[in-house]
Novice: 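Have a look at the structure that comes next, please.
By convention in this document, chain letters (A, B, ...) are assigned in the order of the sequence lines, proteins followed by strands, and residues within each chain are numbered from 1. No experiment lies behind these values; they were computed from the predicted model shown.
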Amino acid sequence: MNRVVITGIGALTAIGNSVPEYLEGLRNGRSGAGPITQFDAEQFKTQFACEVKDWDPTTRVDKREARRQDRYTLMALYSTDEAMRMAGLVDEEGNVLPSAVNPDRAGCIWASGIGGLRSLEEQIEIFDAGNGTPRYNPFMIPRMIANMGAGHVSMRYNLRGPSYATVSACASAGHAMAAAADDIRLGRADVMITGGSEGVITKVAIGGFNSMKALSTRNDDPATASRPYDADRDGFVLGEGAGAFVLESLEHAQARGATIIAEVAGYAASSDAYHISAPHPDGAGAKMAMLNAMEYAGVTPAEVDYINTHGTSTPLGDTAELKAIQLAFGEDAYQLNISSTKSMTGHLLGAAAAIEAVACVLAIQHNFVPPTINHFTDDPDIDPRLKLTFNEAVERPVDVALSNTFGFGGHNSATIFRRFKA
Amino acid sequence: MASIEEKVKQIIVDKLGVDESEVTADASFQNDLGADSLDTVELIMEFEKEFDISIPDEQAENIQTVGQAVTYLESSVDK
């Protein structure tokens, strides 16, 4: 079995459009939330979100492609370009180096929770405004389908190995990374691009999540609306963006003299088998995912320094996850640091696991734990012994970090990253 | 007011992301301007929208170059 290492990362978020900007946002506890600019939200219960700002896709993506593609696939190509450059697998124009990558031994597994909902909405509106003649844009279907991130990345870099999407709502990117890592671990590929992207700050998404009472409605103060573990939390804040990874077998990375950023140590998936949207109250599925991931990684609970939680800032979800952590880690739950970076980035749905995995890798690289911002009032149902890293980043050695993500449908994913040691 | 030819060229420049100088009468959407079959369908639909006409599929199949589009539209619009 091959060891799986990370040689490139990319980030596009509401608090930074690149890895260095994202790192700075995480360190400084910056909120990415603000009034929605992508559509007129005046009639909606929630009128704010964590939008990516000042973003010009054409700085990293071909102009013609930028015109043809949905926002979520452009985000995939954009963040992947950053990761591929960091990994040293492309030339100055961002084209793959044939000397570094055997196309038959490289692939892309890319997640999106919803895909090109925006493109579908636009086309339905155009149809509804017309005279009934169906004139759907020929690119509607390829823009809409949730596998097209993987498709476009594979085409961009001529990767002919495994290529597909994983869909498990807000756990999607966690499962994509696990699948990509397995392809390397089992020797089916040398290089895999993975991650996730989501760009659905749209009427249907905001309206739909509003109807589920899933979103914060703190319209008078968007910047503090995402407040995981706070007594007054009232739902998640929708985010958008992408996180990208270049994974390689250790052998392949070392043979080409690549800089190794961290190791993907283990991962596990499980199901609550309980409810379409509510978490299992005992956190049984989440506990099992964390325990199995630790077993896979050969890591003990005492060795985990940091847990980046799913922590969406919903009343039920936040406490169920902490309960699961206490069950999985026992007394060790009080030694490690816990934080929800969704307090800053918002909830990126199918891309959440990707951007939070980048946060874990940055925590290992820079020995710090990003904060859970917007803490004002303790929740009496949360054990005060848990170190939830409120409001300010904490400097501490981070050798092992675990990222949890959970999706509607009861899907759980836990992934463990470790400082690379030869 | 912009002529039919000018409007057609503008649509092609917008949709295919090509330089206006490349959009000559002889230029083929697929062979010269980098379009694929889906781009061609999109162009036809844009022409329909711009000029408020309906182009039957069998006619659309014969519109492969900039010049063919202009000729067809000049003979169909306002008739």
Novice: Check salt bridge (charged side-chain N to carboxylate O under 4.0 Å, His left out) between A:Asp183 and all other residues, then give those that pass, not counting sequence neighbours.
Specialist: A:Arg188
Novice: Should the ring pair A:Tyr136 and A:Phe127 be called parallel, tilted or perpendicular, given that the plane angle runs from 0 to 90° and is split at 30 and 60?
Specialist: parallel
Novice: Hey, what do you get for CZ (A:Arg67) to CG (A:Leu74), rounding to the nearest 0.5 Å?
Specialist: 11.5 Å
Novice: Is there any residue in residues 197-208 of chain A with a non-hydrogen atom under 4.5 Å from a non-hydrogen atom of chain B, and which ones are they?
Specialist: none
Novice: Are the side chain of B:Glu50 and the backbone of B:Val8 linked by a donor-acceptor contact shorter than 3.5 Å?
Specialist: no
Novice: Go through A:Glu122 and A:Arg118 one step at a time and tell me if the salt bridge (charged side-chain N to carboxylate O under 4.0 Å, His left out) criterion holds.
Specialist: CA-CA 6 Å; A:Glu122 282 168 3; A:Arg118 167 188 308 270; 5.3 Å; no
Novice: Evaluate the side-chain proximity of A:Val358 to A:Thr13: yes if any heavy-atom separation is below 4.5 Å, no if none is.
Specialist: no
Novice: Need one label for B:Asp39: side chain, backbone, both or neither, based on atoms under 4.5 Å from any heavy atom in chain A.
Specialist: both
Novice: Before you tell me yes or no, could you show the steps for A:Gln69 and A:Glu65 under side-chain hydrogen bond (donor to acceptor under 3.5 Å, both in side chains), namely the whole-Å CA-CA distance, both residues' side-chain angles and the distance that decides it to 0.1 Å?
Specialist: CA-CA 6 Å; A:Gln69 293 186 27; A:Glu65 288 300 324; 2.6 Å; yes
Novice: Answer with side chain, backbone, both or neither: which region of A:Arg64 has an atom nearer than 4.5 Å to a non-hydrogen atom of chain B?
Specialist: side chain
Novice: Mind checking side-chain hydrogen bond (donor to acceptor under 3.5 Å, both in side chains) for A:Thr345 and listing every partner two or more places apart, or none if nothing turns up?
Specialist: none
Novice: Quiz question: by atom type and distance under 3.5 Å, do the side chains of A:Gln38 and A:Glu240 form a donor-acceptor pair?
Specialist: yes
Novice: One thing to verify: whether B:Glu42 and A:Arg68 come together as a salt bridge, which I'm taking to mean a side-chain N less than 4.0 angstrom from a carboxylate O.
Specialist: no
Novice: Quick check: under 4.5 Å, non-hydrogen atoms only, which of residues 138-168 of chain A neighbour chain B?
Specialist: A:Pro138, A:Phe139, A:Pro142, A:Arg143
Novice: Chain A heavy atoms under 4.5 Å from B:Ser37: which part of the residue, side chain, backbone, both or neither?
Specialist: neither
Novice: Within this structure, what is the CD1-CZ distance for the pair B:Ile12 and B:Phe47, rounded to the nearest 0.5 Å?
Specialist: 4.5 Å
